[in-house]
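Below is the structure I would like to discuss, written out as C-alpha cells.
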Amino acid sequence: MKEYDHKKIEKKWQIFWEKNGTYHAQNKSKKPKYYSLIEFPYPSGDGLHVGHPRPYIGMDVISRKRRLEGCNVLYPIGWDAFGLPTENFAIKTGKDPRVVTKKNTDTFRRQIKSLGVSFDWSREINTTDPKYYKWTQWIFLQFLKKGLAYKAKIAINWCPKDKTGLANEEVVGGCCERCGTPVEKREKEQWMLAITKYAERLDKDLDDVDYLPQIKLSQRNWIGRSEGAEIDFNIVANRAETFSKTAPSETEGHGTHTFSKNSPLGFAKVFTTRPDTIFGATYLVLAPEHELIQKLKKQIKNWSEVEKYVNEIKNKTDIERTAEDKTKTGVELKGIKAINPANEEEISVWIADYVLATYGTGAIMAVPEHDERDRDFATKYSLPIINKPLVDAREITKKVGGKMVTKFKLRDWVFSRQRYWGEPIPVVHCEKCGIVPVPEKDLPIELPKVKNYQPTDSGESPLANISKWVNTKCPKCKGVAKRETDTMPNWAGSSWYYLRYVDPKNKKIFADKKLLKYWTPVDWYNGGNEHTTLHLLYSRFWHKFLYDQGLVPTAEPYKKRTAHGMILGEGGVKMSKSLGNVINPDEIVKTYGADTLRVYEMFIGPFSQSVAWSTESIIGARRFIEKVWRIGFRVQVSKQKNSSGLTLPGVPGGTHTVQNSSVSKLLNKTIKKVSEDIEDTHFNTAISSMMILATEMEKAEIVRREDYKKFLQILSPFAPHVAEELWSTLGEKKSVNVSIWPTWDKKLIEDEEVKIMIQINGKVRAELMINVDENEESIKRRTLSDEVVMKYLEGREAKRIVYVKNRLINVVV
RNA sequence: GCCCAGGUGGCGAAACUGGUAGACGUACUACCUUGAGGUGGUAGCGCCCGCAAGGGCAUGCGGGUUCAAAUCCCGCCCUGGGCACCA
C-alpha cells in the first residue's frame with residue numbers, strides 16, 4: 001500500500017495549482033462572481049504563528065466551496081506593511097524599512113503558500129509600494145478637495161515614547177495602545193478627516209448589511225448616536241443676591257421668580273436626551289472650557305476661584321482625570337443664575353469636570369432625580385433633588401423654543417502621524433498660497449531615503465530633517481515652499497485595499513470602474529474582533545466618500561462581515577514572544593503536513609470563538625486523513641478487480657446492498673451537513689461529521705467509487721492536497737477544484753424507521769422502533785404494552801401521554 | 001459602573017424550533033499488530049453505588065414555567081473582551 005507522504009503530495013499539488021493558475025480570478029467570466037476577503041496581514045519580523053492562518057483557512061474553505069458551486073472567485077491577499085514595529089526595528093538596526101519589509105513579506109508569503117490557501121497571488125498588493133500608495137495619496141487629495149481633510153490646532157494625544165500623535169481610538173486607558181506609555185496632551189496642528197459628516201449614514205446603513213449582530217452593535221456604540229433636544233436656558237444676574245436676602249425654599253428650589261423678569265445676560269444651549277424631565281432640572285452645568293464662562297467674567301462674583309478651577313482641569317491629562325475614581329468636582333458660578341424655560345424658575349449655574357466640552361453643547365441641565373451623575377453631584381454639593389411628573393418630550397421641547405437634534409459620540413479622525421514609515425501627506429506649504437495640494441500628476445510623493453529614522457522630540461517627523469526633500473517649489477506660484485512632513489496613520493492603506501485587488505496594476509486610476517462594478521461589493525469579509533470597530537468604520541467611511549464622488553458603485557464596501565476568535569497558547573493564555581509559547585506553523589507542516597494543520601485548525605473549536613492551541617490533539621486530524629487515504633486505496637484496488645461488479649456505479653450491490661445503502665445514506669446526510677455547516681462557519685462540526693463518515697466507510701464491506709468521490713469533493717476545501725491526490729488516483733484528469741459540489745438526495749436521507757424514546761414521568765426508561773408514518777394510536781398502544789413500561793406503571797393508569805413525532809413518547813402517571 | 005461574548009467530562013467541544021446531555025477529537029486504560037518504537041488498529045471511559053442487571057446524581061449557583069429545561073423566565077456568582085462621566 002502506498003504510504004501517505006504529505007511532503008511529496010503537498011509539494012506536487014502546490015506546484016500544479018501555481019502552474020495552472022487554478023486560483024486566478026477571471027475578470028471576464030460567465031460565472032457569477034464571488035469576492036471573499038480576509039484582513040491582509042501586517043508582515044511582522046517574527047513570521048507567521050499558528051493563529052494567522054485560521055481566518056485564511058476559514059475563508060479558503062468558503063472560497064473553494066464557491067468555486068465548486070460554479071462561482072468565479074476572487075480571494076486575494078496582500079500586505080499591510082506600513083507601521084511602527086518595522087520602523088522601530090529600522091531605528092534599532094539602522095536598516096532600511098523597505099529592506100526589512102521585503103524580507104518579512106518573503107517569509108510570510110513562503111509560509112502562507114506552504115498551507116495551500118487558494119489565494120490569487122497574481123493580485124498581491126503591498127501598502128508600502130509607491131504604486132499602491134500613490135492611490136492612497138490620491139484619495140487623500142479627493143478628501144482635501146471636498147473639504148473633508150482639514151488642518152486644525154487641537155490638543156492631541158501624544159505618545160512620548162513613540163513620539164507621535166495618536167487618534168483617540170489608539171489611546172487605551174490613557175496609554176498608548178502600542179507601547180503602553182501614558183499619553184500626554186499636546187496642542188498641535190493636525191490633519192483631520194471629517195468622519196463625523198458621515199456619522200448618520202455610517203449608523204443608518206448598517207441596516208442594509210449582513211454583519212454579525214455584535215459587530216453592528218460595536219459599530220453603533222462607537223458612532224454613539226443619540227436623539228435629544230437642544231434647549232436654551234437664559235442666564236441672568238442673581239436676583240436673590242441683588243435684590244433680596246430671602247432664602248429660597250430649600251426643598252422646592254423656588255427662587256424669587258415671581259417678580260419681574262431680569263433681562264438675560266446671555267444664554268446657555270444645553271443638550272438633553274430627556275427633555276421630558278425638564279421640570280426636575282434643578283441646576284445647570286457648563287463644561288470648564290465653555291466659552292460663556294469667559295464672557296460672563298464680570299458678572300461672576302467668585303471669578304478667581306472659577307479661573308483657578310478651569311486652569312486645573314485644563315492641565316490635567318486624561319489619566320489624571322480618570323484616575324480620580326470619577327469623584328466629580330465643580331464650582332458654582334456665583335452672581336448668575338439660569339432660568340429654566342419650562343417653569344421660569346431660577347436655578348444655579350455650575351462648572352464641573354463631569355461635563356465634556358467635546359460632546360453635545362458642552363452644557364447640560366442637571367436632573368438629579370433622573371440622572372445618576374447629576375444625583376452624585378447634587379448630593380455632594382447639597383443641590384436640590386426634586387421629583388416632578390414627566391411631560392411629553394416633543395411638546396415641551398417645542399414649548400420652550402428648543403429643537404430636536406441628533407448627536408454623536410464619534411469625533412473627527414486625527415489623520416497625522418509624526419513618523420517616517422507611512423504615506424507622506426501630499427501637500428505643500430507655500431508662504432504665499434498657504435496649503436497647496438500636490439498636483440495629481442506628481443503622485444506618488446515617495447518617501448525619501450533617510451539615514452536616521454529616529455523621530456524627534458519636537459514632534460516633527462524624521463522627514464523634516466531632509467531639507468532636500470522638504471524644500472520644494474509651490475505648484476501654484478512656483479515660489480519657495482515646504483513639503484508636509486506628517487505621514488498618514490496605518491489605517492489609511494487598509495481603508496481601501498479591497499478595491500485595489502480588483503485591478504491591482506492599474507496605472508491610470510485606483511481601480512477600473514467596470515471591474516469595480518463587476519467585483520464589488522465584497523461578498524464576505526472575515527476578520528478579527530479587534531478590527532470590528534475601527535478599521536471597519538474607517539473603511540466604510542472612505543468607501544462612502546468614494547461612492548459620493550461616483551468612484552465606486554456601491555454605498556457599502558462589505559455585504560457580509562464575520563469575525564473569528566484568536567488562537568491562544570496552550571492553557572488559554574495569549575500567544576506571545578515574551579511568554580515563549582508561540583507555535584510556528586512551519587514545524588506542524590513539516591511533521592504532519594498542511595492538510596493536517598488545516599483540518600486541525602478548523603476542527604479545534606467554534607470558528608468565532610477563541611480557542612487554546614493543543615499540539616497533542618493535532619494527531620486526531622492526521623489520523624482522520626490517513627483513514628481517508630486507506631479508504632481511497634481500497635476503492636482504488638476494488639476498481640482494478642471489478643469483476644465482482646460491486647464497485648461500478650449504478651450496479652446494485654447484490655449481497656452487499658445493505659452496507660451500500662447505509663453508507664450512501666450517511667454520505668448524503670454528511671453532504672447536507674457539511675454544505676450547511678460551512679455556510680454558518682461551523683467548520684468544526686462539518687469535520688466531525690466527515691470523521692463519522694470516514695469511520696463508517698472504512699467499516700463497510702464496499703464503498704462505491706461514486707460515493708467516495710463525493711466524499712473527496714466535500715473534503716477538498718479542508719484538505720485540498722490529499723483530496724486532489726486521491727481524486728487523480730481515481731482516474732480523474734481534471735482538478736477536483738473544477739468539479740461540481742455534490743448535492744444530496746432528499747429521499748435518501750429520510751429514514752423509514754426511527755428509534756423513539758419512551759419516557760415515564762419525563763425519564764427515559766425504554767426505546768421503541770417505529771415506522772416514520774406509524775400513527776399515534778398504534779405507537780401509544782405498543783408503548784403501553786411494553787414490558788418495561790408495564791413494570792413502571794405497576795397497574796396504575798396513565799394520566800396523560802405526550803407524543804412528539806418521531807422523537808419520544810412520555811407517559812405521565 | 002455600562003455593553004458584548006461565554007460558563008457542559010481530565011482537556012477542546014456537540015446538542016435542530018424546549019424532546020436520548022456529552023456526538024467528534026484528544027488524553028487515559030486494556031488488548032491487537034510489531035524484533036522494538038508509535039504519527040498503526042480495536043474496545044472501554046461524566047460522577048456515585050453495584051460483579052452485573054439496574055439505580056441514583058449531573059450542563060456555574062438559587063428559584064420559576066412545563067408532561068419535559070444546557071436551551072425559556074426571574075435573581076445572583078464567575079471568566080474573557082470592549083467602553084469609560086457622551087447628558
Side-chain angles (χ1 to χ4, degrees), chain A residues 4 6 172-174 213-215 217-218 220-222 224-226 228 270-274 277 285 318 321-322 324 326-328 352-356 358-367 370-374 376-377 407-411 529-530 532-533 565-566 568 570-572 591-593 596 599-600 603-606 608-627 630 676 682 684-692 695 698 755-765 767 798-813:
Chain A
Y4 168 54
H6 64 262
V172 178
Q214 317 90 276
I215 299 177
L217 199 71
S218 76
R220 290 213 151 99
N221 286 345
W222 196 266
R225 184 196 150 97
S226 60
V270 306
F271 174 66
T272 177
T273 52
R274 297 291 307 274
T277 65
V285 190
D318 285 353
R321 251 188 162 174
T322 45
E324 281 168 47
K326 283 187 240 172
T327 311
K328 297 170 180 52
D353 61 352
Y354 82 97
V355 173
L356 306 174
T358 44
Y359 181 76
T361 57
I364 62 152
M365 62 174 206
V367 186
H370 290 281
D371 186 287
E372 221 176 296
R373 296 153 303 179
D374 294 343
D376 286 350
F377 192 79
K407 297 278 181 195
F408 299 90
K409 287 184 200 171
L410 189 70
R411 316 275 164 80
N529 279 305
E530 69 276 20
T532 49
T533 21
M566 274 196 295
L568 305 166
E570 306 234 8
T591 316
Y592 298 96
T596 298
V599 168
Y600 176 64
F603 183 65
I604 190 168
S608 58
Q609 208 175 286
S610 289
V611 274
W613 179 263
S614 161
T615 298
E616 88 179 358
S617 298
I618 295 172
I619 190 63
R622 170 76 188 201
R623 284 179 188 148
F624 166 61
I625 288 171
E626 288 190 357
K627 191 176 276 185
R630 288 196 301 270
E676 289 167 355
H682 295 162
N684 53 335
T685 50
I687 289 170
S688 116
S689 69
M690 286 190 287
M691 284 172 166
I692 294 168
T695 304
E698 192 163 49
K755 187 172 72 179
I756 65 162
M757 291 299 120
I758 299 178
Q759 291 185 338
I760 298 185
N761 287 338
K763 290 206 167 178
V764 178
R765 298 296 181 185
E767 49 192 46
K799 216 194 280 172
R800 189 175 161 190
I801 298 174
V802 183
Y803 173 61
V804 183
K805 197 161 191 277
N806 296 337
R807 266 189 202 280
L808 59 77
I809 183 159
N810 189 9
V811 183
V812 187
V813 198

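In what follows, every chain begins at residue 1, and chains take the letters A, B, ... in the order their sequences are listed.
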- Name the pairing partner of B/G38, where a pair is Watson-Crick or G-U wobble with both distances under 3.5 Å, or state none. none
- When rounded to the nearest Å, what value does the distance between C1' atoms of B/U20 and B/A69 take?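 These two C1' atoms come out 14 Å apart once rounded.
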- So which nucleotide does B/A5 pair with, by the Watson-Crick or G-U wobble rule with both distances under 3.5 Å?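 Pairing partner: B/U79.
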- Determine, for nucleotides 16-26 of chain B in 5'-to-3' order, which nucleotides have protein heavy atoms under 4.0 Å from the base (write B), from only the sugar-phosphate (write S), or from neither (write -). B--BB--BBSS
- Provide the distance between the two P atoms, one in B/C85 and one in B/G80, to the nearest whole Å. 23 Å
- Query: Taking CD from A/Glu570 and C1' from B/G10, how many angstroms apart are they, rounded to a whole number?
  - Reply: 15 Å
- Item | B/U8 to B/A58 separation - C1' atoms, rounded to the nearest Å | 10 Å
Solution key, residues 803-811 of chain A side-chain donor-acceptor pairs under 3.5 Å, sequence neighbours excluded:
unit_1: A/Tyr803; atom_1: OH; unit_2: A/Asn806; atom_2: N; d: 3.2
unit_1: A/Asn810; atom_1: OD1; unit_2: A/Gly762; atom_2: N; d: 3.0

- Return the nucleotide paired to B/C72: Watson-Crick means purine N1 to pyrimidine N3 with N6-O4 or O6-N4, wobble means G-U with N1-O2 and O6-N3, both under 3.5 Å. B/G64
- Taking only the side-chain heavy atoms of A/Lys328 (C-beta and beyond), determine which of B/G55, B/C85, B/U39 contains the nearest atom. B/C85
- Message: If I pick the P atom on B/A53 and the same atom on B/A15, what distance separates them, to the nearest angstrom?
- Response: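 The answer is 30 Å between these two P atoms.
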- Message: Checking A/Asn529 now: which residues fulfil side chain to side chain donor-acceptor pair (under 3.5 Å) with it, not counting sequence neighbours?
- Response: none
- Task: Could you tell me which residues satisfy side chain to side chain donor-acceptor pair (under 3.5 Å) with A/Lys763, sequence neighbours excluded, listed by chain and number?
- Result: none
- Message: Holding to salt bridge (charged side-chain N to carboxylate O under 4.0 Å, His left out), I want the full list of residues that pass it with A/Glu676, two or more places apart in sequence or in another chain.
- Response: A/Lys672
- N or O in side chain of A/Gln214 less than 4.0 angstrom from B/G81 OP1/OP2: no
- Message: Heavy atoms only, 4.0 Å cut-off, all strands: where does A/Pro606 land among base, sugar-phosphate and nothing?
- Response: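 A/Pro606: backbone/sugar contact only, no base atoms under 4.0 Å.
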- Where is the tightest heavy-atom contact between A/Val599 and A/Ala621, given as atom of each residue plus distance?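 Heavy atoms of A/Val599 and A/Ala621 come nearest at CG1-CB, 3.8 Å.
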- Query: Can you name the side chain to side chain donor-acceptor pair (under 3.5 Å) partners of A/Ser617, sequence neighbours left out?
  - Reply: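 Per chain and number, A/Ser617 pairs via side chain to side chain donor-acceptor pair (under 3.5 Å) with A/Ser614.
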- How close do A/Tyr359 and A/Phe408 get, heavy atom to heavy atom, and via which atoms?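 That would be CE1-O, 3.4 Å.
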- Message: Taking any heavy-atom pair under 4.0 Å as a contact, classify A/Arg225: base, sugar-phosphate, or nothing.
- Response: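 Contact class for A/Arg225: none.
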- Item | Side-chain heavy atoms of A/Gln214 within contact of A/Thr532, under 4.5 Å | no
- Take atom P in B/C28 and the same atom in B/C11, then report the distance between them in whole Å.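 Per the computed distance, 15 Å lies between those P atoms.
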- Specify the separation, in whole Å, of atom CD1 of A/Ile758 and atom P of B/A68. 18 Å
- Could you state the CZ-P distance from A/Arg274 to B/A87, rounded to the nearest angstrom? 12 Å
- Task: Using the test ring pair (Phe, Tyr, Trp, His ring centres under 6.0 Å), find all partners of A/Phe603 that sit at least two apart in sequence or belong to another chain.
- Result: none
- 5′-ward residue of the pair A/Ser610/A/Tyr592 relative to RNA chain B: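 That would be A/Ser610.
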- Compare side-chain N and O positions of A/Tyr359 against OP1 and OP2 of B/A87 and report whether any pair is under 4.0 Å apart.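 Result: yes.
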- Item | Length of the line joining A/Glu626:CD and B/G41:P, which is rounded to integer Å | 7 Å
- Which of these nucleotides, B/A5, B/C3, B/A87, is closest to any side-chain atom of A/Leu217?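 Between B/A5, B/C3, B/A87, the one nearest the side chain of A/Leu217 would be B/C3.
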- Using the closest heavy atom to pick a nucleotide of RNA chain B for each, name whichever of A/Phe408 or A/Val812 lands nearer the 5' end.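 Looking at the nearest nucleotide for each, A/Val812 comes out on the 5' side.
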- Query: Taking only N and O in the side chain of A/Arg800, is any of them less than 4.0 Å away from OP1 or OP2 of B/C67?
  - Reply: yes
Under 3.5 Å, which N/O atoms of the protein pair with N/O atoms of nucleotides 46-48 of chain B?
none

- Query: Rounded to whole angstrom units, what separation is found between the OH atom of A/Tyr803 and the C1' atom of B/C67?
  - Reply: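 Checked: the OH to C1' distance equals 16 Å.
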- Under the ring pair (Phe, Tyr, Trp, His ring centres under 6.0 Å) test, which residues partner A/Tyr592, sequence neighbours left out? none
- For A/Lys763, report the nucleic acid contact type (base, sugar-phosphate, nothing); a contact means any heavy atom under 4.0 Å.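 Here A/Lys763 touches the backbone only, sparing every base.
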- Message: Roughly how many Å apart are B/A14 and B/A70, using the C1' atom of each and rounding to a whole number?
- Response: 12 Å
- Atom-to-atom span, CG of A/Asp374 to P of B/C85 - whole angstrom: 14 Å
- Query: Roughly how far apart, to the nearest Å, are B/C74 and B/G19 at atom C1'?
  - Reply: 24 Å
- Could you state the CE-C1' distance from A/Met566 to B/G80, rounded to the nearest angstrom?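 These atoms are roughly 9 Å apart.
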- Task: Indicate, with a heavy-atom threshold strictly under 4.0 Å, whether A/Ser226 touches base, sugar-phosphate, or nothing.
- Result: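 The residue A/Ser226 makes sugar-phosphate contact but no base contact.
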- Picking from B/C67, B/U39, B/G12, which would you name as closest to the side chain of A/Thr591?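 The listed nucleotide nearest to A/Thr591's side chain is B/U39.
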- Expressed as a whole number of Å, how far does the C1' atom of B/U42 sit from that of B/G6? 38 Å
